[in-house]
Amino acid sequence: MSKSGKGALAFIFVTVLVDSIGFGIILPVLPRLLMQLTGLSIDRVAAYGGRLAACYALMQFFCAPILGNLSDAFGRRPVLLFALAALGCDYLIMGFAPTIGWLFVGRVTAGIAGASFTPAYAYVADITEPAKRAQSFGLMGAAFGGGFILGPAIGGLLGNLGPRAPFFAAAAIALANTTFGYFALPASLPPARRRPFHWIRANPLGTLLQVRKYPVVPWLLGAVFLWQFAHQVLPNTWSFYTISKFGWSSAEVGYSLAWVGLLMALAQGVFTRVLIPFLGGERRAALTGMAAALLAYLGYAFATQGWMMYAVSLTTFVFAVTYPSMNAIASQQAPADAQGEMQGAIACLYSLSAILGPPFMTQIFGYFSAPDAVVHFPGAAFLAAALLTLGSAALLMRALRLGPSPAALPAATGER
């Protein structure tokens with residue numbers, strides 16, 4: 001990678017880090033703001049928090065393919081800057097919101113923009129040679145993880161100034177990053193490698209149908225979807241599970257989540273670059289990571305002491321390589337002018353898992369942890385995640401058996 005390419009990669013890393021900080025910074029005060037706007041107790045406003053998350057994921061599901069295809073047509077830079085600016089506007093809307101309806105307007109705004117990860121990952125694919133993409137994608141994962149560690153801590157401090165203060169801070173961060181990117185971020189996709197924008201492929205169904213022309217990709221995307229669906233068990237049931245089974249306080253839950261986030265950031269930012277070559281490349285790394293995830297979900301499900309959750313979480317160092325490895329394998333199956341479309345397809349599947357996964361996992365937890373459950377087993381959601389991981393591994397192995405070498409892929413320019 002050239003010196004300018006390394007500089008651009010560093011900027012994208014900072015962009016993703018800042019965006020994830022901006023998202024995490026509002027989490028500690030969102031309940032208070034919802035209570036302020038509705039006058040309801042915290043147990044009742046929790047439903048609004050879930051609806052806001054689902055609203056964001058739903059809009060992102062439909063709009064991420066549009067952003068991906070726009071970046072294939074006009075370059076990553078303008079689309080990325082638009083997404084950053086829209087995210088800043090979202091935080092301003094939420095900060096000034098006089099009613100709860102305006103919070104939904106803000107989340108719709110951010111969901112339509114797709115935040116910044118779709119064009120960001122396509123940008124990374126542009127400036128990184130195929131053999132190094134998994135490491136670069138892992139670096140982006142580290143930025144997400146680092147932001148989710150720093151964001152809530154900063155938001156908790158700013159929350160002392162009022163529940164709206166972190167929203168304004170997040171807006172300032174996002175808009176400042178937009179301004180800096182306008183002057184500092186170079187274009188990554190030359191005009192000769194761009195292609196016309198077509199609505200037929202700029203939607204979730206159209207995007208998935210278009211990438212189907214690459215024989216291995218449908219199997220890979222199926223594996224990515226099941227992997228992400230399984231992963232929804234961690235952010236959505238962890239708190240309920242540890243409080244129910246181990247009697248943890250909110251502080252103890254927070255410490256454990258920060259610990260897991262730190263492990264994820266270290267794994268993807270540092271160890272991915274070492275582990276993927278050590279394990280023999282992306283294919284073996286993805287399968288090894290899935291095996292580690294399977295052990296993790298089973299370990300969480302059957303843990304009998306709180307300290308075991310910390311011990312099992314050390315598997316993060318291995319299973320954190322799975323997603324960047326699968327993403328790299330998928331990106332190698334598409335030509336340069338279809339990287340935005342490919343990342344848009346992956347993004348819409350991630351959003352779909354974020355729409356369907358939380359209610360699925362929390363309902364399993366609720367059913368099997370109820371006092372009158374026929375089988376009382378609070379860890380049932382983690383068992384479900386383990387089964388989904390097995391399904392993901394089966395699809396990935398099928399893809400790897402079918403997969404040609406990624407060399408000499410034809411350009412995707414023109415009608416399909």
Apply side-chain hydrogen bond (donor to acceptor under 3.5 Å, both in side chains) to [X] and list each qualifying residue two or more places apart in sequence or on a separate chain.
X: Q232; value: N236
X: W238; value: S256
X: S313; value: W259
X: Y241; value: K245

Can you list every pair that meets salt bridge (Lys or Arg N to Asp or Glu O under 4.0 Å) and has a residue in residues 77-104, with sequence neighbours left out?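 Residue pairs with at least one partner in residues 77-104: D90-R107.
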Can you list every pair that meets salt bridge (Lys or Arg N to Asp or Glu O under 4.0 Å) and has a residue in residues 158-186, with sequence neighbours left out?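 Output for this query is empty, none listed.
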Sequence neighbours left out, what passes side-chain contact (heavy atoms from CB on, under 4.5 Å) with L92? Give chain and number order.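 Partners of L92 under the side-chain contact (heavy atoms from CB on, under 4.5 Å) test: F96, F168, A171, L175.
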Test ring-ring contact (aromatic ring centres under 6.0 Å, His included) applied to [X] - qualifying residues, sequence neighbours left out:
X: F82; value: none
X: F225; value: F229
X: F74; value: none
X: F180; value: F11

What is the ring orientation for F246 with W248, classed by angle as parallel under 30°, tilted 30 to 60°, or perpendicular over 60°?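 F246 vs W248 ring planes: tilted.
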With rounding to the nearest 0.5 Å, note down the distance linking CD1 in I100 to CE in M94.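 It is 9.5 Å, given to the nearest 0.5 Å.
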Would you be so kind as to tabulate the donor-acceptor pairs closer than 3.5 Å made by side chains of residues 383-394, with sequence neighbours excluded?
unit_1 : atom_1 : unit_2 : atom_2 : d
T389   : OG1    : A385   : O      : 2.8
S392   : OG     : A223   : O      : 2.7

Considering only heavy atoms from C-beta outward, does the side chain of Y123 approach that of P186 to under 4.5 Å?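 Yes, their side chains come closer than 4.5 Å.
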